[in-house]
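Hydrogens, waters and symmetry mates are skipped; everything else that's a heavy atom, side chains included, is used.
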2 protein chains.
Amino acid sequence: MPEATWKVGELAARTGLTVRTLHHYDAIGLLSPSARTGSAHQAGHRLYTAADVARLHQIVCLRQLGFGLEQVREYLSRAGYDPREVVRLHLADVRRRAAELADLGRRLESLDEALDRADAVSPDTFLQTIEAMVMVEKYYTPEQLKRLEERAKEVGPEAIDRAPQQWADLHADVRAAMDAGVDPADPRAQELARRWFDLVSAFTGGDPGIFKSLRTMYENEDTVAGMDVAAMRPMMEYVEKARVAAGIRHPGEN
Amino acid sequence: MPEATWKVGELAARTGLTVRTLHHYDAIGLLSPSARTGSAHQAGHRLYTAADVARLHQIVCLRQLGFGLEQVREYLSRAGYDPREVVRLHLADVRRRAAELADLGRRLESLDEALDRADAVSPDTFLQTIEAMVMVEKYYTPEQLKRLEERAKEVGPEAIDRAPQQWADLHADVRAAMDAGVDPADPRAQELARRWFDLVSAFTGGDPGIFKSLRTMYENEDTVAGMDVAAMRPMMEYVEKARVAAGIRHPGEN
DNA sequence: GTTGAACCTGACGCCGCGTGAGGCGCTACC
DNA sequence: GGTAGCGCCTCACGCGGCGTCAGGTTCAAC
């Protein structure tokens with residue numbers, strides 16, 4: 001009595017796979033049917049025996065656990081792997097990828113929130129927000145970011161909304177002073193340094209670590225949040241001299 | 001005054017990308033350098049201007065958020081996308097993938113635990129455990145699985161360890177009765193039906209839904225946990241007749 | 001002028017199939 | 001016994017984002 005067999009289409013329907021997938025498994029030698037029709041001279045239809053179906057079932061199971069086809073093949077060959085070890089390694093890998101995705105999810109969530117807070121969401125705003133996010137993640141430690149978030153709540157949204165304008169005004173004033181040849185030791189320059197220091201303090205909350213990270217960022221990057229930091233450097237040096245002249249000490253200094 | 005430029009290697013070092021990646025971005029037209037050396041007749045070295053670097057920076061940022069190169073290109077072309085919408089869609093996608101991975105992680109964890117419980121972890125045990133897991137996930141709802149887990153705690157591990165042997169003994173006895181031509185209505189057959197019923201009840205805890213799922217599984221699958229269910233069917237029909245004769249009602253029956 | 005490092009182009013590989021194109025095999029009905 | 005038509009066959013490209021040779025050119029320094 002001839003053995004019961006199935007053709008690709010039937011097997012595909014039963015297992016939920018596609019015919020193409022079965023062809024693929026055959027092509028890579030993972031599961032080749034034990035028989036074929038028309039054994040004469042040409043390639044006949046694939047005929048899968050019960051044993052083939054059983055193997056396919058195992059393949060499907062291992063794939064559902066996220067194993068690659070090559071791993072499935074190795075595993076079904078019984079090449080002396082310790083099942084527990086394999087599962088644990090695989091689990092570790094899955095967890096790592098899950099953690100990465102979770103991380104990405106958190107970034108996207110905070111971006112979403114940041115975009116909700118912004119009034120106009122132009123593509124420019126979008127790109128600048130993203131760049132700022134990437135930047136802060138590059139220079140601030142997670143604890144520092146947590147502190148900055150708390151700090152933002154303390155000072156309130158109005159103060160944050162006012163900040164860009166205050167900075168723009170200050171930049172303009174500093175540039176004017178420099179262009180006018182005002183000496184950094186001049187009281188007017190010292191006043192500008194005080195305003196600068198206050199704005200930075202409003203942001204950092206006086207935290208020395210955050211202050212340091214902020215400075216490192218401005219020293220290493222050429223653009224921050226769409227601003228040309230490189231072009232700001234002379235201004236910063238000028239204000240730095242004025243700060244020393246005014247006797248203002250920044251956080252963490254001595 | 002000629003503009004400041006960077007070569008691929010310098011840019012790669014600064015951005016953390018590889019030279020190949022920059023070549024790729026050039027090849028697909030995502031970021032082509034504004035200038036090249038040796039403008040004569042041959043292909044000279046790529047020279048990236050500050051504007052190119054800025055664009056690259058944006059590309060890197062968008063990629064860190066998990067966007068594909070094609071999406072990045074579309075997005076930088078400003079083809080009228082709503083940033084918030086794009087972010088939300090992308091976030092939804094990321095969450096979906098994270099959920100899938102989490103699901104996979106849970107499956108692997110319970111597999112890990114199951115393997116820890118098993119004494120000998122041969123490849124066969126491994127494959128059977130997996131097949132059983134896939135099977136139960138196919139036939140039982142999550143709530144049913146939770147009940148089964150609680151049920152397993154109630155009866156304790158010793159009872160679970162004893163079950164396979166009890167089933168094997170019962171199968172042998174039933175087969176012997178059938179081979180001996182014992183009528184299903186015979187008291188001896190009815191006694192076998194009672195043993196069968198008790199074993200099933202120990203597993204299902206008398207839950208009608210679980211009972212039904214279990215029966216559906218045995219009706220639709222040809223192999224369960226390495227057992228040849230198809231070959232068991234005559235036995236099951238025999239026991240079913242004996243059950244009716246013994247007046248035992250299964251859960252959910254009227 | 002020569003060396004050596006950095007650059008160039010072109011091409012294949014990966015992973016797990018999807019998606020055709022173009023042509024036989026099998027079955028059922030007339 | 002012919003033929004319609006569906007299911008099967010092989011072959012081959014495509015995807016995403018580069019890694020990784022191979023074999024040649026260009027640049028900067030000495």
Using salt bridge (charged side-chain N to carboxylate O under 4.0 Å, His left out), reason through A:Lys146 and A:Glu149 one step at a time and then give a plain yes or no.
CA-CA 5 Å; A:Lys146 211 179 284 178; A:Glu149 211 166 318; over 6 Å; no
Along DNA chain D (nearest heavy atom to each residue), the more 5'-positioned of A:Arg20 and A:His23:
A:His23
Closest nucleotide among D:dC8, D:dG17, D:dT26 to the A:Lys7 side chain:
D:dC8
Examine D:dT10: is either OP1 or OP2 under 4.0 Å from a nitrogen or oxygen in the side chain of A:Arg46? Give yes or no.
yes
Return the minimal non-hydrogen interatomic distance between A:Leu65 and A:His90, and the atom names on each side.
O-NE2, 2.8 Å
Between A:Gln71 (CD) and C:dG16 (C1'), how many Å, whole number?
14 Å
B:Asp93/B:Arg96 salt bridge by N-O under 4.0 Å criterion
yes
Can you spot which of A:Tyr75, A:Phe67, A:Tyr81 makes a ring-ring contact (aromatic ring centres under 6.0 Å, His included) with B:Phe126?
A:Tyr75
Whole-Å gap separating P (C:dC15) and CZ (A:Arg73):
11 Å
Rounded to whole Å, CG of A:Leu11 lies from P of D:dC8 at a distance of 11 Å
Could you check how far CZ of B:Arg36 sits from P of C:dC8, rounded to whole Å?
6 Å
Respond yes when some side-chain nitrogen or oxygen of A:Thr21 is under 4.0 Å from OP1 or OP2 of C:dG16, and no when none is.
no
Which atoms form the tightest heavy-atom contact between A:Thr5 and A:Glu10, and what is the distance?
O-OE1, 4.3 Å
Quick one: A:His24 NE2 to D:dA12 P, roughly how many Å, whole number?
17 Å
Check the distance between C:dC17's C1' and A:Leu69's CG and give it to me in whole angstrom.
9 Å
So does B:Tyr25 get a side-chain nitrogen or oxygen closer than 4.0 Å to the phosphate oxygens (OP1/OP2) of D:dC18?
yes
Using only side-chain N and O atoms of A:Thr18, determine if any of them is under 4.0 Å from OP1 or OP2 of C:dC17.
no
Send over the distance from B:Glu70 CD to D:dG14 C1', rounded to a whole Å.
14 Å
Measure from CG on B:Asp26 to P on C:dC8 and round the result to the nearest Å.
9 Å
With nearest nucleotides of DNA chain D determined for B:His45 and B:Arg63 from heavy-atom distances, which residue corresponds to the more 5′ nucleotide?
B:Arg63
